[in-house]
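Just so we're on the same page: letters track the sequence lines, and every chain starts at 1.
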Amino acid sequence: MNWEPVIGLEVHVQLLTNSKIFSGASTAFGSDANTQACAVDIALPGVLPVMNKQAARMAVKFGLAVDAKINRRSVFARKNYFYPDLPKGYQISQYELPIVGEGHLTIDIDGGEKTIGITRAHLEEDAGKSLHEDFHGMTGIDLNRAGTPLIEIVSEPDMRSANEAVAYLKKLHTLVRYLDICDGNMQEGSFRCDANVSVRPVSQQKLGTRTELKNINSFRFIERAIEYEIERQIDILEDGGTVVQETRLYDPDKGETRPMRTKEEAHDYRYFPDPDLPPLELEDTFIEATRQTLPELPDAKQKRLMTQYALNREDATQLTVSKELADYFEAAASATKGDAKTVANWINGDLSGYLNKENKEITESPVDAQQLALLIDRIHDNTISGKIAKEVFEAIWHGEGNADDIIDNKGLKQITDTGAIETIIEEVLAKSTAQIEQYKSGQTKVFGYFVGQVMKATKGKANPQQVNEILKRKLDA
Amino acid sequence: MILDHQTVTNIARLARLHIDESDIDRYASELSRILDFVEQMNRVDTEGVTPLAHPQEGGLRVRDDIVTETNQRESFQKVAPEKEAGLYLVPKVIE
Amino acid sequence: MHNKSLTQLAADLVAKRVSSVELTQHFLNRIEQQEILNAFITVDPGFSLAQAREADQRIQQGDKTALTGIPIAHKDIFCTKGMLTTCGSHILSNFVSPYDATVIDRLNQNGAVILGKTNMDEFAMGSSNETSHYGAVKNPWDHTTVPGGSSGGSAAAVAARIAPAATGTDTGGSIRQPAAFCGVTGFKPSYGQVSRFGMVAFASSLDQGGPIARSAEDAALLLNVIAGFDARDSTSVQRQTPDFVNEIGGDIEGLRIGLPVQFFGEGLDSDVEGIVREALREYEKLGATLIDIDLPNSALCVPCYYVLAPSEASSNLARYDGVRYGYRASGYSDLIDMYMKTRAEGFGDEVKRRIMIGTYALSAGYYDAYYLKAQKLRRLIAQDFAHAFERCDVIMGPTTPTTAFAIGAKTDDPIAMYLNDIYTISVNLAGLPGISIPAGLDNTGKPVGLQIIGQYFDDARVLNVAHRFQMTTDWHQRAPSRVQP
C-alpha cells in the first residue's frame, strides 16, 4: 500500500524581550541557576503577573508577517498541571482566544511553492529547566527560564514529508529573525519544535492516529526524527498493528524515537481564564504602529532581488535566508563594477563554504562586503582571473589585507602584455613539436595541453583569453 | 451520588492530594453533597447569557519591557525545603 | 487607651501624651492577657517595638502621617517581610516571606506598626475560623461561639480591644461576616480598590483586602493608606483615590436605600431582622427613603460561588507543592508521591474539599456544566445589582442570617456553613463595595451586623452612609462585657 505522511508542527519561539512576560526579571541566557528568577517567577505566595507590552507587540508583528488575523481581544488562560519546573502549578497561556488567528506561510519546495496554513499563534510563558545530573539521586530545578515570553505557532497538518516540514521550519526560523523577535538559537532553546506525525493510505481522507515528537532542537534531527517516525508507523500498520497516540522523544544518538517514560496520564489541563489578568485588548493604532515596524519580509526580498539584480530563484532564495546575508549581498553588489550574478556566486559559493567550515555567521565574516566587491572588481577589470581570485579570497579571509595589497604582494597580477605572452607561447611551442604534429593532424583536443603549459609557465597569471587567442593564431597559421 | 469511588481517586490524583483508600468513600459522599447543592444553578435558564469571568472585563494594563528585578536567590532560597548549588532539589524527574 | 479611636490615638501620639512604643507595648500586653481568644498566629514583640521606635523618631522629627506609630494587626494572609505568613495553614507553617505585600508596604511607609498576624480560616476558606491549622478563635462576646471567618482573628482582636484596627480580606464575606459576629465595622472595598499584591490568593476574581475597625471613620482612615493604584496588580484600578476621611460627614438627606426582598425572607433570624429594621428606621430619621428592590438570582449566589471560588482556588493553591518553600512531607517514594503527601499533610479538610470540587468543576467534560454555568449566573447576579441601582443609591440588609453560632455547630455540615454567607457573597461576585456595621444586640447579647452595599467604586458613599449611622447611634462603641474598661 502507498502511505501518505501528514505532519503538523508546533513551534515555540522565545521572544527577544529584555524582561519576562509577566515579571521584571531579565531573560538573558546562561546566568547562574535561579539568579534571574524573581518572586513572580518562583511563584511566591501572593505575587501577581503584569504583562510585558513588548511581548504583545512582537506577537502582533509575527501575526502581521504571516498575514494572520490579529485578535483585538485575547484572553490569558491557565493551563494546569504539576511539574517541578512549573512553579505556579499552571502555565499562563492563551486558549480559546489567542492573540494571532489564522495565517499562512509559503515554502519553496521541489522548485515550486506550497502554502502551509498557520492555525494560530498564542502568547505564553516558558517553564524552567530540570537538570538531570545527579544530585544524590535528585533532580535540580533552575527557574531562570521560567516566565520567558514565548509564542507558540501551531501549523495546520499541511506537510506531507519530512522535507516539507524542514522547509516550513526553516522558513519560520528565517522569518522570526527577520522580524527581530527571536534570536533563533536552537542550541539554547530559543526556537523549539514539536511535530505531530501520522500516516494514512494515499487515497484516504481521514487522518491516521498521530504521535507527538517533543523538543527536537536541530533541523537535521527534526528531519531524521520525522523520517524515522513515518517509517515506524508504516511498519506497524503494514504488520496489521495500530499506532498508539502518545508523546515520543527523539534520541539523536540512536537515531530513533521512543515513548516518554513518564506514564502519560490522561492530560486534563483544566484551562480557564486567568483571573489575575483581564483580557488583552489591542487598539488599531497599536496594530498599525506595529505594522510600520515590519521590515521587508523574506518573500518580498527574494522577489525584489530576482528582478532588481536579475538573479535566478535559487540564488535569491539562498541570499534571503537571513536579512544580514541579503544586506551583505546588496552592499557588495552595489559597490562592485562586476555583475550581481558574480557576487551571488561568490556569496553562495566560496564565502558560504568558509563560513560553514568555521561555523560563523555572515556578520562575523572576516571578508566584508566592500572587500568582496573589490575582489570582484579585479576580476572584472582583468587584473586577476577567477581562479587566482580564489587564492586572493583565501588571503583576505586570513587577514592578509585587501585584494589589491595581496595581488601586489604576491605578484598575482594577470599578465596581459601581448608581447610577453607571445614570448612564453613561443617557448612552449618550441618544446612541443610532437603535440604540434598531433594538433595539425586534426587532434585539436591537444589545444588544452598548450594552454596548460602556458599557464604553468606563468603560474596561472596569463590572461586566459589572450592565451587562447594567440595560441590559436599561431597554431592555425 | 454524583461522584463515585473511581472519580474521586482520579480527581485526587489530578489535584495531587493523597487520600487514604479508606477515606475515599467519605470524600465521595461529602463532595457529592456539595455538587448536588451547587446544581441548584440549573434552576436558572442561562441560555444566551455571556459568561462573566471577572468584575473587570477588559483593558489589561501592560508594562514597559524593562528589567526591574535583581538577584535575590539567597533570600528566596532561605525558605526552600531542599537546595544545592542554587538549585531547588526534587525527587528524580523521569522523562 | 484601647478604647480610643485611631484619630484619638494619632492625636495622643502627636501631643506626646503617649509614645508609639508605649502604645504598642500596651496592645502587646493586652494580646497576652487575651491569649485565650487565640486571635493571633504570630506576635513578635521585638519586631513590633523596633517599628514603634522608628515611628517615635518620625513623630519626633515631625515626619508623620495619620497612622504613624499606630499598631495595626494583619490577617495572616498578607505577606510580611521577615515575619511568618502562614495563611492559617500547615503547608506555610515555616514560611517567612522575603517581601512585603503592597498593603503592608504602604502602612510601613506611613510608619504604622505591625502588631502581629491574626488567625484566620486556612487560606481564607471558612466562615467560622475553625478551619485554621492554628486552632479556632473565640468570639470575645461569647467564648463558646465562633468569631466568624475567615478574618476571624482580626475581627476578634478589634472587638476585644487588643488591636486598634486590623486588616482583613473578603472573598465571599470574610471581612463583613466576622465583623457582624464580633460587633465591629468591616469594609470590603470595590474589587480593584486595594492591591492584591502580596495577599495570598484564594479566589483571585473575588478576593479583596480591606479594613476591620471600630468605626467607619477608623475604617476610612486605614483605607486611605491601603487603597490606591498598584502597578504590580493587573486588576488594580487606575483611578483617583478619594480622601475617604474627607468624604465622610456629608448628610444623607434623600438617600434612596434599596431593600432586597430576598434578604428578608426565609432563613433570616427574627431577632436579627428586628434589629436591622430598627436600624433602617434610624436611617429614615436621617432623611433616607426605603425602597423594596428585587435581586432575583441572589439565592443562587451561594451555589455559583461554590463553583467559581473553588475552581480558582484549585489553581491558586497548586503552587504549594513542597518544592520552593513551605512544608514538604518527609517520607515519599517519588516525585508524585512527594507532591501528594506534601499536599495531603499540608492542607486541612476544608481546603482539600474545595480543591477537589474546583478540580472537578474545571475538568474535561464538566467545565460547561459547572464553571461556565456559574459564570453565566455571575453575569445575571451582577446585572441584578445594576438594575437595582437604577432605583436606589445603596442597598441594605442583614450581613448574616443569624448571630454568631456555637463553636463546632456547623463543622460537620459544609453546606450549612456555606449558607452563612448568603447575603454577602453576591457582593463579591459583582465586585461591589460592602460594609458591615454593628446595629444592635440580639436577645442573647450577641452583635448583629447591618450590611450596606454600594455601586462599583462608590466606596466613599458607603463609608459615609455607615458613618452617619454611627454619628447618631452608639452600637459601634459597645464592647464585650469582659473587655471593659
Side-chain angles (χ1 to χ4, degrees), chain B residues 2-3 7-8 10-20 23 26-28 30-31 33-57 59-63 68 72 74-83 88-94, chain C residues 94-96 98 191-192 205 231 234-235 237-238 297 299-300 302-304 306-307 314 318 321-328 332-341 343-345 347 352-353 355-357 359-361 363 370 372-380 382 414-415 418 430-431 456:
Chain B
I2 297 172
L3 299 183
T7 310
V8 172
N10 294 347
I11 303 168
R13 185 164 174 91
L14 205 52
R16 296 291 187 265
L17 289 170
H18 172 83
I19 298 179
D20 284 336
D23 282 340
R26 177 174 63 84
Y27 266 95
E30 276 178 13
L31 300 177
R33 278 188 57 220
I34 296 170
L35 289 172
D36 193 46
F37 169 72
V38 303
E39 283 187 2
Q40 286 178 52
M41 293 191 302
N42 294 325
R43 297 205 308 241
V44 177
D45 180 10
T46 51
E47 185 70 33
V49 176
T50 311
L52 176 62
H54 203 274
Q56 292 162 3
E57 292 196 82
L60 177 64
R61 181 163 37 78
V62 291
R63 45 170 255 277
T68 53
Q72 291 190 68
E74 199 182 330
S75 148
F76 292 161
Q77 292 198 339
K78 265 188 205 148
V79 292
E82 209 165 340
K83 66 206 174 231
Y88 297 100
L89 295 191
V90 297
K92 195 129 199 82
V93 175
I94 301 161
Chain C
N94 57 4
F95 178 68
V96 177
Y191 185 90
S205 78
S234 299
T235 62
V237 173
Q238 217 164 359
N297 296 293
L300 292 178
V302 183
C304 173
Y306 278 94
V307 171
S314 70
D321 58 5
V323 176
R324 299 164 312 286
Y325 49 79
Y327 175 77
R328 178 188 283 195
Y332 45 81
S333 56
D334 58 18
L335 177 69
I336 291 189
D337 197 41
M338 187 279 278
Y339 281 150
M340 294 185 74
K341 287 197 174 130
R343 292 165 59 77
E345 293 166 17
F347 293 136
K352 281 189 252 191
R353 261 198 295 274
I355 290 175
M356 298 273 284
I357 290 288
T359 302
Y360 181 71
S363 66
Y370 292 104
L372 209 60
K373 177 78 186 180
Q375 279 198 338
K376 291 179 175 178
L377 213 49
R378 184 176 189 176
R379 168 85 58 194
L380 296 180
I415 292 165
Y418 299 168
Y456 192 54

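- The two residues Asp334(C) and Pro91(B) make their nearest non-hydrogen contact at C-CB, 3.8 Å.
- Annotation: salt bridge (charged side-chain N to carboxylate O under 4.0 Å, His left out) contacts of Arg353(C) (sequence neighbours excluded): Glu30(B), Glu350(C).
- Of all non-hydrogen atoms in Gln375(C) and Pro51(B), the two that sit nearest each other are OE1-CB, 3.1 Å.
- Only the side chain of Glu57(B) comes within contact range of chain C, with at least one heavy atom under 4.5 Å from a heavy atom of that chain.
- Between Pro81(B) and Arg328(C) the shortest heavy-atom distance is CB-NE, 3.8 Å.
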Applying side-chain contact (heavy atoms from CB on, under 4.5 Å), run through Val79(B) and Asn94(C) and close with a yes or a no. CA-CA 8 Å; Val79(B) 292; Asn94(C) 57 4; over 6 Å; no
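- Interface remark: Glu345(C) contributes no atoms to any contact with chain B (heavy atom separation under 4.5 Å).
- Residue Ala361(C): no heavy atom, backbone or side chain, is found under 4.5 Å from chain B.
- Considering only heavy atoms from C-beta on, Tyr360(C) comes within 4.5 Å of Ile2(B) through its side chain.
- A salt bridge (charged side-chain N to carboxylate O under 4.0 Å, His left out) check over residues 33-43 of chain B, counting only residues at least two apart or in different chains, returns the pairs Arg33(B)-Asp413(C).
- Put simply, of Lys352(C), Lys376(C), Lys341(C), the one with the most heavy-atom pairs under 4.5 Å next to chain B is Lys376(C).
- Residue Asp321(C): no heavy atom, backbone or side chain, is found under 4.5 Å from chain B.
- Under the 4.5 Å side-chain criterion, counting only non-hydrogen atoms from C-beta, Leu300(C) is not in contact with Met41(B).
- The parts of Tyr370(C) that come within reach of chain B are both its backbone and its side chain, each placing non-hydrogen atoms under 4.5 angstrom from that chain.
- Ala344(C) and Leu17(B) get closest at one heavy-atom pair: N-CD2, 4.2 Å.
- No other option in Ala374(C), Ala430(C), Ser314(C) has as many heavy-atom pairs under 4.5 Å with chain B as Ala374(C).
- The parts of Ser234(C) that come within reach of chain B are both its backbone and its side chain, each placing non-hydrogen atoms under 4.5 angstrom from that chain.
- When Ser363(C), Pro98(C), Gly431(C) are compared by the number of non-hydrogen pairs under 4.5 Å with chain B, Pro98(C) comes out ahead.
- For Leu377(C), the parts lying near chain B are the backbone and the side chain together; criterion is any non-hydrogen pair under 4.5 Å.
- In this structure, Phe37(B) CZ and Ile357(C) CD1 are separated by 11.0 Å, a value rounded to the nearest 0.5 Å.
- Interface remark: of the candidates Gly59(B), Ala12(B), Gly48(B), Ala12(B) forms the most heavy-atom pairs closer than 4.5 Å to chain C.
- In this structure, Tyr191(C) and His54(B) have perpendicular ring planes: the angle between them is above 60°, well past the 30° mark.
- You'll find the side chain of Gln40(B) stays beyond 4.5 Å of the side chain of Val302(C), heavy atoms only.
- Contact tally against chain C (heavy-atom pairs below 4.5 Å) for Gln72(B), Arg61(B), Lys78(B): the top residue is Arg61(B).
- Listed options Leu89(B), Val62(B), Leu35(B) were ranked by heavy-atom pairs under 4.5 angstrom with chain C; first place goes to Leu35(B).
- The two residues Gln56(B) and Val237(C) make their nearest non-hydrogen contact at NE2-CG2, 3.2 Å.
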Quick one: do Thr46(B) and Arg379(C) satisfy side-chain contact (heavy atoms from CB on, under 4.5 Å)? Show the steps, please. CA-CA 9 Å; Thr46(B) 51; Arg379(C) 168 85 58 194; over 6 Å; no
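- For chain B, the nearby parts of Met356(C) are the backbone and the side chain; heavy atoms of each come within less than 4.5 Å.
- Among Asp20(B), Ile19(B), Leu60(B), Leu3(B), the residue with the largest count of heavy-atom pairs under 4.5 Å with chain C is Leu3(B).
- If you tally non-hydrogen atom pairs under 4.5 Å between each of Asn10(B), Thr7(B), Asn42(B) and chain C, the highest count goes to Asn42(B).
- In this structure, Ala15(B) and Thr359(C) approach most closely via the heavy-atom pair CB-OG1, 3.6 Å.
- Counting heavy-atom pairs closer than 4.5 Å to chain C, the top-ranked of the candidates Gln77(B), Lys92(B), Glu82(B) is Glu82(B).
- For Ala231(C), the parts sitting under 4.5 Å from any heavy atom of chain B are the backbone and the side chain alike.
- Among Leu380(C), Leu372(C), Asp337(C), the residue with the largest count of heavy-atom pairs under 4.5 Å with chain B is Leu380(C).
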